[in-house]
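Note sheet for the following structure.
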Amino acid sequence: MEMDDFSWDDIEPCEISSAGTSGVEICNIQYSDEYKLVMGYLIKLMSLKEYSERALILTDQVIKLVPAHYTIWQYRFDIIKFLKKDILKELEWCERVALENQKNYQIWHYRQLLIELYINNNGKFKPEFEYPLIDTMIGEDNKNYHVWAYRKWLVEKFNLYADQREIFFINEMLTKDIRNNSAWNHRFFIFFNNNNKEITKNLIKQEIEFTKNAIDLAPQNPSPWNYLLGIYENEKFNLNLKDLEPFLLKYSNIEEELNDGKIEPLIISTFSLEILAKIYQLNNLSEKSIKIYNLLADKYDPIRKNYWHYKRDNLISI
Amino acid sequence: MAAEEELKLAKEKHVGYVVELDNKRDQYEYWLTEHLRLNGTYWGLMSVVLLKTPDALDKEGIIRFVMECKHNDGGFGPFPRHDAHLHSTLSAIQILKILNSLDLLTTDEINKTVNFITSLQLPDGSFHGDRFGEVDTRFVYTAINCLKLLDKLSIKVIDKAVEFISKCQNFDGGFGNCPGGESHAAMIFVCVATLAICNRLDIIDKPTLVQWLSERQVTNGGLNGRPEKLPDVCYSWWVLSSLSILNEAQLIDFEKLKNFIYKAQDTINGGIADREGNEVDVFHTYFGLAGLSLMGFDNLLPIDPIYALPTHLTTQYHQN
């Protein structure tokens with residue numbers, strides 16, 4: 001339906017200027033005619049609190065012109081509720097808007113509102129309904145913060161921790177891009193969030209293996225290292241960081257460097273070096289840690305030399 | 001491309017750029033960003049203030065505009081006829097504070113604003129941004145900062161807010177937009193700054209967070225917001241302010257970051273972009289200048305990393 005399908009004779013549209021109500025020209029801007037027309041009527045209807053089909057059409061037009069105008073989203077939601085519109089159809093409308101404008105992040109909160117309203121009225125909602133849209137949006141931008149936050153909300157709302165489809169999804173995402181930090185964060189969330197009642201020793205072991213394999217694919221990828229440390233340093237899991245030493249030596253063996261300095265040490269991961277320094281410190285081998293921090297500052301990660309000197313100097317002062 | 005020794009801050013150009021913003025003829029883009037207008041006014045004003053040319057903008061006009069955005073419920077919208085929102089409410093209060101005009105609000109009006117803010121806090125300590133209902137750690141910061149500036153921050157609000165923030169701390173030491181949300185430098189800033197205002201920096205896993213923040217600096221000197229993302233001038237603020245609050249800003253290589261910001265300038269028409277070669281905007285202009293101010297370069301006005309205001313306006317909050 002369009003604006004022309006309705007009669008507008010009964011109302012006077014508001015004047016759209018930059019000035020608000022005082023009439024003083026503060027911001028000197030010129031609006032296009034279409035925007036002025038549509039917004040003029042919409043503002044008038046909002047002020048009259050009219051929740052009607054013609055108001056609904058206007059919100060659709062304005063949202064397509066200025067997608068981030070959240071006041072209009074709120075008004076549309078009020079209309080949807082008042083007119084008792086079909087929420088599943090509204091979710092479809094929202095999906096079309098999302099696909100037309102990838103940067104529009106209002107839609108995610110709007111979908112949450114719609115789904116919660118649906119559950120309130122009808123009882124059950126299938127979260128799978130949301131997967132195609134999420135897949136498409138993530139396909140466009142695989143690190144879109146809002147989409148991942150939305151997926152997380154779905155997991156919480158529908159208790160999808162360690163759900164098979166969720167696991168399949170996250171494995172797919174990491175296969176496509178092992179460096180996707182958002183995906184790693186989501187993985188940690190679905191497996192190790194406090195709300196997951198199935199955190200077993202087997203799961204922990206499985207995840208450590210998974211992470212080590214990921215590191216082997218790309219040893220200088222920060223996310224799996226953070227993930228690994230997130231597991232090892234979680235007090236509830238009762239693991240010992242020192243157990244990682246053999247694994248770390250595969251990516252950062254400084255022994256030759258320390259012994260005679262003639263053989264080039266094997267350093268293919270600064271993250272592994274960093275953890276090794278931590279372990280040496282725990283084993284009271286601080287001179288080795290200091291050596292590592294100097295190597296990192298001077299050679300392997302010089303952009304962070306201030307940080308490496310800071311870590312080194314903390315050890316020296318002990 | 002200029003050699004690094006030749007790079008410098010094109011101060012007058014940036015002042016000119018900000019002043020020209022209101023005269024921009026690109027109308028579609030201008031009202032596409034109506035929902036950010038009050039925030040944009042704050043970014044523009046802070047830019048000229050940091051550049052020590054506060055009189056470059058029409059202060060009276062700005063104050064009038066701020067008041068146009070005020071609602072009867074005490075909240076401020078980003079533009080006339082836009083719903084009141086916490087984010088624009090903070091910008092409004094910050095602008096009035098900068099322009100020494102908070103006293104334009106009556107006691108009654110301030111109480112309404114306080115009420116607007118506190119009414120948006122949920123039982124778990126988080127805040128809605130507005131009646132649309134979105135929840136996000138950014139809104140906690142805007143609420144807490146605003147209440148502090150209005151001298152109306154209560155223990156009850158603090159305790160609940162801190163409780164919520166602590167749930168947003170992640171396995172990698174960072175903070176997200178809500179519990180379990182991916183660690184992101186902007187969210188880390190709002191959480192760390194909130195904790196600083198509430199005097200609860202103690203709940204932070206400082207070594208892990210500092211490590212995560214220091215990892216944001218990439219080889220070209222710029223800072224990114226999350227692992228494996230491109231560096232962006234705005235993180236010169238989000239990352240550096242967080243580290244400054246933790247007293248560890250010096251872990252960043254200032255020279256390299258400075259040059260990254262310099263290269264993102266448009267030295268002909270003014271303004272700073274997210275990175276070299278891209279289009280400038282007022283958002284990145286402000287954050288680039290804020291980053292340079294934090295690092296002590298270019299004789300800019302010092303900025304408070306917690307309140308994002310000139311330090312001479314916030315000394316009273318650091319008394320203890």
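As a basis for the values below, the full set of heavy atoms in this structure was taken, side chains included, without hydrogen atoms, waters or symmetry mates. Predicted, not measured: the structure shown is a model, and the values here were computed from it. Residue numbering restarts at 1 for every chain, and letters A, B, ... go by the order of the sequence lines.
Residue A:Gln112: no heavy atom, backbone or side chain, is found under 4.5 Å from chain B. The part of A:Lys305 that comes within reach of chain B is its side chain, from C-beta onward, which places non-hydrogen atoms under 4.5 angstrom from that chain. In this structure, the portion of A:Lys152 lying under 4.5 Å from any heavy atom of chain B is its side chain and not its backbone. Looking at B:Glu248, the atoms closer than 4.5 Å to chain A (heavy atoms on both sides) all sit in the side chain, from C-beta outward. Heavy atoms of B:Leu36 lying under 4.5 Å from chain A are absent altogether. Interface remark: B:Asp58 contributes no atoms to any contact with chain A (heavy atom separation under 4.5 Å). Looking at A:Asn226, the atoms closer than 4.5 Å to chain B (heavy atoms on both sides) sit in the backbone and in the side chain alike. For A:Ile231, no part lies near chain B; criterion is any non-hydrogen pair under 4.5 Å. A:Tyr150 does not touch chain B: none of its heavy atoms, backbone or side chain, sits under 4.5 Å away. At a 4.5 Å heavy-atom cutoff, the contact between A:Tyr105 and chain B is made by side-chain atoms alone. If you measure heavy-atom distances from A:Trp73 to chain B, the contacts under 4.5 Å come from both the backbone and the side chain.
No side-chain heavy atom of A:Asn306 sits under 4.5 Å from any side-chain heavy atom of B:Gln250.
Using modelled atom types, one finds a donor on one side chain and an acceptor on the other under 3.5 Å when comparing A:Ser182 with B:Arg226. When only modelled atom types and interatomic distance are considered, A:Tyr307 and B:Gln217 share no side-chain donor-acceptor pair under 3.5 Å.
Residue with the most contacts toward chain A among B:His184, B:His85, B:His82: B:His82 (heavy-atom pairs, distance under 4.5 Å).
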Do B:Phe171 and A:Phe188 pass the ring-ring contact (aromatic ring centres under 6.0 Å, His included) test, and can you show the C-alpha distance, the side-chain angles, and the key distance before you say yes or no? CA-CA 8 Å; B:Phe171 64 92; A:Phe188 201 93; 3.8 Å; yes
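Taking every heavy atom of both residues into account, B:Asn177 and A:Tyr145 meet most closely at N-OH, 3.1 Å.
Between the side chain of A:Asn185 and the backbone N or O of B:Gly180 there is at least one donor-acceptor pair closer than 3.5 Å.
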